Number of protein chains: 2
Amino acid sequence: MNIGEASGRSGLPAKTIRYYEDIGLIRPDRSDNGYRDYSSDDVHKLRFLHRSRSLGFSVDECRQLLALYEDKSRASADVKEIATSKLTEIDRKIRELTELRRTLEHLVHACHGNERPDCPILEELSEG
Amino acid sequence: MNIGEASGRSGLPAKTIRYYEDIGLIRPDRSDNGYRDYSSDDVHKLRFLHRSRSLGFSVDECRQLLALYEDKSRASADVKEIATSKLTEIDRKIRELTELRRTLEHLVHACHGNERPDCPILEELSEG
DNA sequence: CTTGACCTTCCAGCGACGGGAAGGTTCATA
DNA sequence: TATGAACCTTCCCGTCGCTGGAAGGTCAAG
């Protein structure tokens, strides 16, 4: 099938699919007219990539996951390790954002938000 | 003072300070030798930028905040609006990450993480 | 007089695409 | 059969917020 259909079936934009080919993630056949020709297995991998990306894995992590996926003799521990370290990373991000949120909410709360120029937010940014 | 000292006092790398000048955020004087020459007011603004950035504001939002900071007749409501919309955005990010975290944790929990090849994580990525 | 720590400009790259130009292919319709 | 739309191709540039490095100028100390 052409890239448009592969895009429709995988949920990935055609641009992204071409990009994934550029960086060596997936290599479809070519038809005689030069068009990319995707098999249903290719689409399967594209969906795998789509899902992995949306779960927060970097493209490089997706590359590892895909390699493990294709390696029928892999140990599940190898996959779990990647996922676990991703989980730790997500936890860290959530903590950082929560801390940031607290500070910002404190500032927003302190600011009158009226027509007068005095503003605790700017004061804090200026002095903090 | 030279850029090195401004860097030390503001906490921003010299590279970043030059970049901020490139994009028109802050324009220091120049000494006769062509070196940038920062006033203590400049350093104040650099610290303002540093703090705003670390609070999650984009460079463009920082530009707005800095303009408001320098406009002595601004209304605090204008600042509050920027901060509030940032807060909303942060909330959204936290929600997304939390959702993602839940899914990922579920997967990690389901995976044995042993030497055998069967792996619920890959299965889910493949089918989800 | 040299060394080393500064400073300058410019150019390139990161991640993960997206936009758009310029052109080839295919298919349906007038 | 012509033509126009809807595909497809490659290529290059732009995004955001820096960061690294090369090539070279300046300055203070020994």
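Treat the numbers as computed from the prediction; the structure is a model and nothing was measured. Every chain is numbered from 1, with letters handed out A, B, ... down the list of sequences.
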Using the 3.5 Å cut-off, write out each protein N or O paired with an N or O of nucleotides 8-11 of chain D and the distance between them.
{"residue": "D:dC8", "atom": "OP1", "partner": "A:Gly4", "partner atom": "N", "Å": "2.6"}
{"residue": "D:dT9", "atom": "OP1", "partner": "A:Arg36", "partner atom": "N", "Å": "2.8"}
{"residue": "D:dT9", "atom": "OP1", "partner": "A:Arg36", "partner atom": "NH1", "Å": "2.9"}
{"residue": "D:dT9", "atom": "OP2", "partner": "A:Arg18", "partner atom": "NE", "Å": "3.1"}
{"residue": "D:dT9", "atom": "OP2", "partner": "A:Arg18", "partner atom": "NH2", "Å": "3.0"}
{"residue": "D:dT9", "atom": "OP2", "partner": "A:Arg36", "partner atom": "NH1", "Å": "3.4"}
{"residue": "D:dT9", "atom": "O5'", "partner": "A:Arg36", "partner atom": "NH1", "Å": "3.4"}
{"residue": "D:dT10", "atom": "OP1", "partner": "A:Arg30", "partner atom": "NH1", "Å": "3.3"}
{"residue": "D:dT10", "atom": "OP1", "partner": "A:Arg30", "partner atom": "NH2", "Å": "3.3"}
{"residue": "D:dT10", "atom": "OP2", "partner": "A:Arg36", "partner atom": "NH1", "Å": "3.0"}
{"residue": "D:dT10", "atom": "OP2", "partner": "A:Arg36", "partner atom": "NH2", "Å": "2.7"}

Check your understanding: Which is it for B:Arg95 and B:Glu99 under the salt bridge (Lys or Arg N to Asp or Glu O under 4.0 Å) test, yes or no, and what are the steps along the way?
Key -> CA-CA 6 Å; B:Arg95 268 200 312 278; B:Glu99 169 64 24; over 6 Å; no
Check your understanding: Starting at CG of B:Asp32 and ending at P of D:dG25, how long is that distance when rounded to a whole Å?
Key -> 19 Å
Point to revise | Presence of A:Thr16 side-chain N/O under 4.0 Å of C:dA16 phosphate oxygens OP1/OP2 | key: no
Point to revise | CD (B:Glu81) with more than 12 external heavy atoms under 6.0 Å | key: no
Check your understanding: Excluding sequence neighbours, so at least two apart, what forms salt bridge (Lys or Arg N to Asp or Glu O under 4.0 Å) with A:Arg74?
Key -> none
**Study point:** Integer-rounded Å distance: C:dC17 C1' and A:Leu49 CG
**Key:** 14 Å
Practice item. May I ask you to decide if B:Arg30's main-chain N or O and B:Asp37's side chain share a donor-acceptor pair within less than 3.5 Å? Key: no
Check your understanding: Do any N or O atoms from the side chain of B:Ser76 and from the backbone of A:Pro117 form a donor-acceptor pair under 3.5 angstrom?
Key -> no
Check your understanding: Going through the checks in order, is the salt bridge (Lys or Arg N to Asp or Glu O under 4.0 Å) test met by A:Lys86 and A:Glu89?
Key -> CA-CA 5 Å; A:Lys86 204 67 202 176; A:Glu89 190 183 324; 3.3 Å; yes
Review point. Counting distance only, does the side-chain N/O of A:Ser52 pair as donor-acceptor with the main-chain N or O of A:Phe48 below 3.5 Å?
Key: yes
Check your understanding: Of the nucleotides C:dA16, D:dT19, D:dC18, which has the atom closest to the B:Tyr20 side chain?
Key -> D:dC18
Practice item. Could you give me the CA-CA distance, side-chain angles and deciding distance for A:Lys45 and A:Asp41, then say whether salt bridge (Lys or Arg N to Asp or Glu O under 4.0 Å) is met? Key: CA-CA 6 Å; A:Lys45 287 182 199 165; A:Asp41 190 52; 3.8 Å; yes
Review point. Whole-Å distance between C:dA16 C1' and A:Leu55 CG?
Key: 17 Å
Check your understanding: Is there a donor-acceptor contact under 3.5 Å from the side chain of A:Arg101 to the main chain of B:Ile94?
Key -> no
Review point. Could you give the CZ-to-P distance, from A:Arg53 to C:dG18, as a whole number of Å?
Key: 10 Å
Exercise for review: Enter the inter-axis angle for the ends of the helix from C:dC1-D:dG30 to C:dA30-D:dT1 (five pairs per end, rounded to 10°).
Suggested key: 30°
Exercise for review: Send over the distance from A:Ile17 CD1 to C:dA16 P, rounded to a whole Å.
Suggested key: 17 Å
Exercise for review: Whole angstrom is fine here: how far is it from CZ in B:Phe57 over to P in D:dG17?
Suggested key: 13 Å
Exercise for review: May I have the distance from A:Ile23 (atom CD1) to C:dG13 (atom P), rounded to whole angstrom?
Suggested key: 17 Å
Revision key, fill the gap. Atom CG of B:Asp22 and atom P of D:dC16 are separated, to the nearest Å, by 15 Å
